[in-house]
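Per chain, numbering begins at 1; letters A, B, ... match sequence-line order.
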Number of protein chains: 2
Amino acid sequence: MLATIIHGERDVRLEEVPDPVLSTGGDAIVRVVAACVCGSDLWPYRGVTPTASPRRIGHEFVGVVEEVGPDVRTIAVGDFVIAPFYDCDMTCVNCKNGVSTSCLHGGWWGAEDQLGGFADGGQGQKVRVPHADGSLVATPEYPRPELIPSLLTLSDVMGTGHHAAVSAGVTEGSTVVVVGDGAVGLCAVLASARLGASRIVAMSRHESRQALAREFGATDIVAERGDAGVAAVKELFDGIGPDCVLEAVGTKESMDQAIRSARPGGMVGYVGVPNGGAELPIRALFSSNVGVNGGVAPVRNYVEELLQDVWSGAIEPGKVFDLELPLTDIAEAYAAMDERRAIKTLVRP
Amino acid sequence: MLATIIHGERDVRLEEVPDPVLSTGGDAIVRVVAACVCGSDLWPYRGVTPTASPRRIGHEFVGVVEEVGPDVRTIAVGDFVIAPFYDCDMTCVNCKNGVSTSCLHGGWWGAEDQLGGFADGGQGQKVRVPHADGSLVATPEYPRPELIPSLLTLSDVMGTGHHAAVSAGVTEGSTVVVVGDGAVGLCAVLASARLGASRIVAMSRHESRQALAREFGATDIVAERGDAGVAAVKELFDGIGPDCVLEAVGTKESMDQAIRSARPGGMVGYVGVPNGGAELPIRALFSSNVGVNGGVAPVRNYVEELLQDVWSGAIEPGKVFDLELPLTDIAEAYAAMDERRAIKTLVRP
């Protein structure tokens, strides 16, 4: 089969690799119908995190189950399934506590040391899923084609935006500011609207992203950053600030922006993968009673809830995909996101 | 009148000072019935935070209202009142949001620049309270003498322990670890039990504090610290850790202990005044989805709720006072806490 391999900085290639083989009894082989490139894939692509040796890449995919091991109970051959950006069993105590990213037996796509051997990356034709009953959620039936992009976002970005909102305690009537206008930030806007936020400010300097933020439910846009950004946000909320700030970037600057924007007693829900040496300024948090909650999003725990609204058409997070390419154009899929020509690229094997 | 003045390291003196005078219309003069020494008073006492020039000190007191300004509505002369460790109006947006420590018009006892002029410290015979209707809560009637220590804890330590528990989301059935066995840590144990925690581990190496922790509802004691402390805590919770960790110290070591002890997806509620250069390790928080919430406790917002249980005798947080002295022995009141001969000292003018 064909799968994407990253060789180094700005060097991703689609190459012939061995087909996956069932090995653990509880695993499944999924033929990928749609996959995509993640903002976090850009760290190795840009060389910010070095690639020591060529490896599989990609961790978001939906597809059709082709084979299942003898111990698989809930997933069947022919099912259309959504996979989270990691493997998990959904039976361990952490999964049951709602934190499937800390599954005691799970792992990461593309890693070398997964249960039952090598785990495939998501940007390929097929993926072996070690814990099929845990990781995969089957849709009620084979989806209409226009639903597939939105279903794919449940693999990562929509669940991650939702996690930011849940972590910040967004609920009916909350006031919200979203820092970051990438796919996750935009999904955080949508998630906040879905949870009933009364006012949602999207911080964005890009017209197309501002437009999508508004479509997703943003009531206000703030284009400023830094001190000017904090001042603009405070002004929108009587000088006090919003209840909840959702951080979806991961830099020191964005976290700073988030913490300083929240009202006293407010909460920052963060999902941006921390990049650089940013630690949290405890004195500023202490004096204002601003809390910080979030982390690597346990999207698997949210799939059923969000799937209902995607299936019904109530939400269309798939609109974050503004470029669609065949898997053979994977290099261009990365380049378009790297150069910010695309918010998020969907690829089809 | 007599009031305590700190002159420098290990130098607190009771001195004659001018009687307070009403000045803002909304203020009241309270004759102090009981006051106490706070763990945070020990920072200037030990010289950890320097004292530039002699100043009033003390911020926890209960007493009887002697005079009120013409604009005071809810507080009357003769009322027995509880004051929080700060002044607040309870009408601004932050007070209404539950964060009266961020009151837009409030201030701190002993500070020079309070509304209407100088604000007295709590360790004296009288205190002018700038926002009497906001800051003060009157008890239903003059309390029986044995209730006074517990009422005094609503001024700070019991409300602060409660804030740690609330910030960490302690609720019916929660599993809790408390880091710190000072008065606040012990009150955090009591607050957790009151909120229905199913298991409460107190981290303490001192026999008398362990005993009081058990009396307050601790189900387990862990005497180890650092790596051994984390391992001991994890072992008590199937290797995973508790839902909530309450941090009541304020050092880098204690916060580290707290963060590392929590289960994935758990929450650290912290109220220890941050001391030293400790920042929060965002990568560790991110990977485990452990949140951090809390800060300078808005105890005024909790007085009514906690007062009911103190008044009925359901809780007796006043047991944290294991030494009682006349105000004239204020130097010994500090020394006993400094040398850890006392958990907390109550003084009576």
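Residue E305(B) places its CD atom among more than 12 non-hydrogen atoms of other residues, nucleotides or ligands, all under 6.0 Å distant. Residue R199(B) places its CZ atom among more than 12 non-hydrogen atoms of other residues, nucleotides or ligands, all under 6.0 Å distant. For CD of E304(A), the number of neighbouring non-hydrogen atoms (other residues, nucleotides, ligands) closer than 6.0 Å is greater than 12.
Among all heavy-atom pairs drawn from F286(B) and Y270(A), the shortest one is N-OH, 3.1 Å. Minimum heavy-atom separation, G291(B) to N293(A): CA-OD1, 3.3 Å. Considering every non-hydrogen atom in both I282(A) and P274(B), the closest pair reads CG2-CB, 3.9 Å.
Both the backbone and the side chain of V296(A) come within contact range of chain B, each with at least one heavy atom under 4.5 Å from a heavy atom of that chain. For V273(B), the parts lying under 4.5 angstrom from a heavy atom of chain A are both the backbone and the side chain. Looking at V292(B), the atoms closer than 4.5 Å to chain A (heavy atoms on both sides) sit in the backbone and in the side chain alike. Residue T101(B) touches chain A through its side chain alone, counting heavy-atom pairs closer than 4.5 Å.
N97(A) pairs by the side-chain hydrogen bond (donor to acceptor under 3.5 Å, both in side chains) definition with nothing, not counting sequence neighbours. In this structure F237(B) satisfies the ring pair (Phe, Tyr, Trp, His ring centres under 6.0 Å) test with no other residue, sequence neighbours excluded. Under the side-chain hydrogen bond (donor to acceptor under 3.5 Å, both in side chains) criterion, N94(B) pairs with no residue at all, not counting sequence neighbours.
Contacts between residues 179-192 of chain B and chain A, defined by a heavy-atom separation under 4.5 Å, are made by no residue at all.
Between chain A and the residues I240(B), V99(B), N289(B), the largest count of heavy-atom pairs under 4.5 Å involves N289(B). Among G266(B), P264(B), G272(B), S288(B), the residue making the largest number of heavy-atom pairs under 4.5 Å with chain A is P264(B).
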